[in-house]
Every structure is written in C-alpha cells, then in structure tokens.
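Residue numbering restarts at 1 for every chain, and letters A, B, ... go by the order of the sequence lines. Because the structure is predicted, anything quoted here is derived from the model rather than measured. As a basis for the values below, the full set of heavy atoms in this structure was taken, side chains included, without hydrogen atoms, waters or symmetry mates.
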There are 2 protein chains.
Amino acid sequence: MAVTIKDIAKYAGVSVTTVSRALNGYPDVSEETRERIKKIAEQLNYTPNSIARGLVTNKTHTVGLVVSELIKPGAYHPFFLEVLAGIKAGLRKDKYDLILFTVDPESQDVTSYEKLCNDRKVEGAIVEGLKLSDPYIEEIKKTQIPTVMIDIPILTDKVGYVSSDNVQAAFEATSYLIKLGHRNIGFINGHNDAAVSFERLEGYKKALEKNNIPYKEEYVVFDDFTQEGGYNSFKTLVFEHPEITAVFHASDLMAIGSFKAAKDLGMKVPDDISIVGFDDIELASLITPGLTTVRQDTFKMGYNAAKHLLSIIKGEKPQHILIPHKLVIRDSARKI
Amino acid sequence: MAVTIKDIAKYAGVSVTTVSRALNGYPDVSEETRERIKKIAEQLNYTPNSIARGLVTNKTHTVGLVVSELIKPGAYHPFFLEVLAGIKAGLRKDKYDLILFTVDPESQDVTSYEKLCNDRKVEGAIVEGLKLSDPYIEEIKKTQIPTVMIDIPILTDKVGYVSSDNVQAAFEATSYLIKLGHRNIGFINGHNDAAVSFERLEGYKKALEKNNIPYKEEYVVFDDFTQEGGYNSFKTLVFEHPEITAVFHASDLMAIGSFKAAKDLGMKVPDDISIVGFDDIELASLITPGLTTVRQDTFKMGYNAAKHLLSIIKGEKPQHILIPHKLVIRDSARKI
DNA sequence: AATTCTATCCGAAACGTTTTGGATACTTTT
DNA sequence: AAAAGTATCCAAAACGTTTCGGATAGAATT
C-alpha cells in the first residue's frame, strides 16, 4: 500500500503535524528536524495524497477545458491542437492539471456548466467552440466559477476572454484586397451562431467604408465554417455576382472550399478571382497557389487563456485579452 | 457553501448513513425513505463531493492521457485530434474523466510514469507518441498501473496496446504498386525510434518477397515522419536511384514532402513517379493529385484504447487490439 | 528567584463521504 | 410464551491530509 504521512511520522519519531509542517515549509519546525523528515520521505518514496489534500484545502489544482462538439464527426476544430498545446504550456509552471470536458448541446446527458465543473471540482475552466445559442452561454454570464472564453466575448466579475482582434484582422485583409485594386469584394462569412462572424463582418464593412466603396449586403453570404460551406457559397456568390473579383472568407476551410468550387467552375485562382482566408491553418501553405490569409496565433491564444484563468483563480479581475494576428501574403490574391 | 450529505440528513430527519445508502442504492433502506431522501437531495441541488468520495473509495473515475512532445513546436501529431475524440467517446458511457499529461523526455521536470499517475490518482492511462528510446518505455513494461499504448507494442499483465496492422497495411500498399506494374519501389520510412517504422518495413519487404522482387536495402531511407523528412529523402532517393518509379511512405506528411520535392525536381506525380502514403490525414485528399494512401481509423484507435483501458481497470486481461485499415486509392499512383 | 517570552514540538478536529458493525422493533417460528 | 429471524435504521471509524489551539522546555527580562 502507498506510503502515507503517518508512516513518515513513525519513521521520524515525530507527529503527523510535524511531518506536514516540515514538508510544507512552515517556519515552526527546526532545520534539523525538517531535513531529517525530508530525507526519510525521499527514502520511503512518499508523495502526498492529492485526494486527501484536496478534501482539506478544497482545491484540486485542476482546471477544465470545455470543448463543444469535439466528438461530432466533421466538426470544425482546425486549430484545436495548437490551442491545447498552448493551454498546457500556460499551465505548466503553476503545475495545474487539465481535464478535458467534451459537451454537445444536443446530447441528452449534458449537464449544466456549474454542475460539470463542480462535479469534478475543477478550480476554473477554459471554454472553446461554443455557439452563441448554446445554453451554457447564458449560464456562464452569471457563473461564479473562474472562466476564460476563447473567441466568445463575455466579461464579468469571474469571466474573461481571449481572442484575436477579429475586426482589425478582417479590416486588414479586406484593405489588402482593396489595395490590390479590387472593388467588388465578396465575403463568405461564418454562420451567425458565432461571435467572430459578426466581428469579421464589421471589419470587412469598415474597410469598404474607409475606401468609399459601398457595402453591398448581397455580396455577403453566411454559411458553416467548412469546406462545404465555402464551396456552396462560392458557387452562389459568383453565379449571382460575376462582377466580383475577390472573395474574403471567415475561415481557411471555407477558402479552400472556394478553391475547389472555382476549379469546378473552370476559374483560376488568382487569375480569375482572388481568394483570401482566415486562420492560417496548415493547409493554407500547402495548397496551390498558397493561400493568402490572416494568421491567428492559436498557440498563444491557448497559452494566454491558461495564464489568464490562473490569474482569475487567484483573484485578479477578468479582462479581454487580444492576441496579435498577421496578414500572411502568399499567392492566392493578385493585383488587378 | 455547497450542500453536503449532512444537510440532506438534517432535512430528511435521518442519519448520514441512511442518506448515503439511499442515494447509492443499498437495499436496506425502505422505499419510502429512499424516495423522500432523493426528493430532498434534488430540491437542495445536492451533488456528492467527488474528492471526499475518492478519499474513501480510493477511486477517482479519472484516467490520464500521456502525450509526448505535444507542446514541442513542429512535433508530429497529425491525427491526435481524432484519437482524442475517440478516447472521449470511449470513456463517455462509463463517465470517466480524462486528464491530459504532456511529457517531454528532455524536459528537466519530467517525472516518472508511476509518479505522474500516482500524483494525480488516475486509475489508468493511455500513452501516445512515445519514442522507443523514451525512458517511460522500460518503466511501463513493469508498471502495475492499467495502461494502454497506442502504436507501441507492449503487452504485460497490466499493459495492452492498440494499433493498425502496420505489417499488413504496408504489405497491401506495396502490393498495390506492384500490381500497377512497378518493380523498382522505394520506401521512405520513419525514424527508427518508432515501432511502426519496423512494422511497415516488414510489410514492404514481405510484398516484394511475395512477388519475387529482390529487396534492396539502398531503396529504403529512414527519416523523420515530417514533410522535411520526406522532401530530403525523396531527393536523395531519386538522385541515387533514377530507376525507381514509385515510392511508398511511412506517413502522409512524408509523402507530401516528396510531392514538393518532385515538383522542385521538375517531376510530375504520377506521370514520372508514383507516390503512396500512410495515415490518410485530411491533407491527403486535398492535394493535387489526391494521395493514394493507407487510411488508419484514428477515431476508432482512440475509442478502442479507451474501452480497453476501462476493461483492464476492471481486471480483464490486456491484449493487442488491431484496428482495421483501408487502402484509399486516389490519383498519385499510376500503372506503368 | 520569579515572571514573561519564544522556539519547537503535538493532539485532535475537520474536510465529506463510505462502510462496518450494531440497535431495535416487529414478524415468524417453535 | 419464548426464541429466532429480518427489515430498517444509526454511531462511529476510516480515508490522508491540513491546521487550530495548545504544551513544554529553555531563554530572556524584571
């Protein structure tokens, strides 16, 4: 059976209290006793029972990562891995563990957000991939559980969020197309159940406005952030508006879908139409021509989400953390 | 403060023992008392404290997922997301939680496998992405912690593993090229710190042998499972052996690297050289021409790893679980 | 010498649950 | 009527740690 603090006490000839105090750095233990206890603990290969410790302190040194629709086939998570890697890097120094919660708003066994967190005794959670209509959204707005959202703008006493500056990024991407001479610029946007869809639309509009180009509602299409979404929307858009010479997309997957649609329609990118994406997933550099796109620093998003969560757990005030983006110019948009 | 079993007992006018027994389905509580207690627990929004419960039962209903080098930039994890999704799906029914452990053999703060698992009191772990030289490998061979390896062939009283039939899959891929008339087939293999590299080599050899084609050691190159690995190896291979008409790869990323190298050398795929990969990552269908490759069912790998781990935790005998693969024929290999 | 202070140790309660061993009132059997 | 059996409840120990409040011996102060 595992070595406990009682065994250490016995071997050292002191009380359990003294062992606990010695190992936890309390000052009211003599140095001689402390070193003796430490040596014995090492010899007996003692590691404190995290369950017992958690019961006393009511802290588990664990946070949750709540992800919506991870298990669902075909779901959109093209940069989840980098976010996850960033989160782990952000937790490492403070030695917090990460529990992965996969939720699905349609699933019959989904529990409330607070029950989910309380059942597992996580000290806080990062939430990713929720749609605006997800019931958790309203719940999180009122929660007392330290929470950091990714890409969902909620800011309360206990909830902060991390995102790229979607407005500015979309503004820059659209401005770049304008700089290349394009004036008939379509925008294939994400579905309107995502906060970033509205923000990227705002940036697209602002860039048109800044350049005295009238905003045409019929140039904007809303669809899923998927290749299918891009494919179908592209066909619709260019069929109805053959005057469009460039299309900005709310995601790279959509842009890639448009690539395929363009090819199927006998159009060449960028000769016949320029295409710009958003995210800079790995695919973006691998397709031919390489996709001009907005790079989001997804590792940094995860890293900052983790650091921010730890600061909220420690009592600091939640805030909106902006992650820098970058327009990556490859070959899928040309000058006209 | 949170509602505890004592509050329920007070409200119900019974002892803590009776509440515990009523909620846990013990038979020595009258139905009338049980229903009354259940109703009160629901009214007070009671949820049992998993920490306290864990201390008594010494069980946490949690398993770990140990991943090597997830945080390391540029590391090879092209299908980790699908494996992860499969693992979560496999754990769902038994309501087990998943803690993610990211380890790195070079990192100074890496702890032993057993300490890692014991510190967090996980009941078992799935291990993915370890190199054969990782110190955990020797430790896991002796561990008493229920463990399931992915793609690493370790089988003990407590450790099982899940993998594709790499030998058979490589045999089929190579056989397919032979069926297309190729007899000078190169093989760009993974580094020799991965178990699958040896297995895939064995399959490649067996296919040659089966067709009376002499195995040429100089036709096989070992490199990292990356695009760079493929790119560099391809250049070396075709430079030294221009008679080669097809190349089989131990991963899709390598195959994609070869695509790029072929292009840079002015060679057309599959006109000048046929290319076959392994994994069927998303990229495989998106490049032009589409990559002929071996599809691994990575969701099923994760799902079966989770189910198997739960069975080992419950006391069943560990075993090697084979996951079906499938040769996916696209356009990157042609008949000669 | 007596009183006060301080360094260094400790007993036991607490955390919230499960489970062991038992109490008691009523029923059944002899 | 007495003895044995059973349904249904409960007290308290246990899990392994932290921490509160205190004991005690020696040092410092008056």
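Surrounding CG of Asp157(B) are at most 12 heavy atoms belonging to other residues, nucleotides or ligands under 6.0 Å away.
Dashed line: the shortest gap from a side-chain N or O of Tyr26(B) to OP1 or OP2 of dA7(D) is not under 4.0 Å. In this model, the phosphate group of dC9(D) is approached by a side-chain N or O of Ser30(B) to a distance below 4.0 Å at OP1 or OP2. In terms of phosphate contacts, Thr18(A) brings no side-chain nitrogen or oxygen within less than 4.0 Å of OP1 or OP2 of dC9(C).
Each of dT18(C), dC9(D), dC10(D) was ranked by its minimum atom distance to the side chain of Ser20(B); first place goes to dT18(C). Each of dT19(D), dC9(D), dT20(C) was ranked by its minimum atom distance to the side chain of Arg21(B); first place goes to dT20(C). Among the nucleotides dT8(D), dT18(D), dT17(C), the one closest to the side chain of Asn24(A) is dT18(D). Side chain of Ile5(A), nearest nucleotide from dT17(D), dT8(C), dC10(C): dT17(D). Closest to the Ser15(A) side chain, of the nucleotides dT18(D), dC10(D), dG11(C), is dG11(C).
Considering only heavy atoms from C-beta on, His61(B) stays 4.5 Å or farther from Ser50(B) through its side chain. The shortest distance between side-chain heavy atoms of Glu128(A) and Ser68(A) does not fall below 4.5 Å. Using a 4.5 Å heavy-atom threshold, the side chains of Ile99(A) and Val63(A) count as separate. Side-chain atoms of Pro153(B) and His320(B), non-hydrogen and from C-beta on, never get closer than 4.5 Å to each other. Asn49(B) has its side chain out of reach of Thr4(B): every pair of non-hydrogen atoms, C-beta onward, lies at least 4.5 Å apart.
Atom NZ in Lys10(A) sits about 15 Å away from atom P in dC10(C), given to the nearest Å. Rounded to whole Å, the distance from CG on Asn49(B) to P on dG16(C) is 7 Å. Between the P atom of dT8(D) and the CZ atom of Arg34(B) lies a distance of 10 Å, rounded to the nearest Å. In this entry the distance linking CG of Asp28(A) with P of dC10(C) reads 11 Å, nearest Å. One atom, NZ of Lys6(B), and another, C1' of dC15(C), lie 7 Å apart when rounded to the nearest Å. Atoms NZ (Lys59(A)) and C1' (dG16(D)) sit 19 Å apart, rounded to a whole Å. Atom-to-atom, CD1 of Ile51(B) to C1' of dT18(C) comes out at 16 Å; the value is rounded to the nearest Å. The nearest whole Å value for the distance from the CG atom in Leu55(B) to the C1' atom in dC15(D) is 4 Å.
Using a 4.0 Å heavy-atom cutoff across all strands shown, Ser50(B) reaches no nucleic acid atom at all.
For dT19(D), its base sits under 3.5 Å from the side chain of Thr17(A) at one donor and acceptor pair at least.
Nucleotides of DNA chain D nearest to Pro27(B) and Ala52(B) differ in position, and the one nearer the 5' end is that of Pro27(B). When each of Thr57(B) and Val29(A) is assigned the nucleotide of DNA chain C with its nearest heavy atom, Val29(A) is the one assigned upstream, toward the 5' end. Nearest-nucleotide mapping onto DNA chain D: of Val16(B) and Thr47(A), the residue sitting toward the 5' end is Val16(B).
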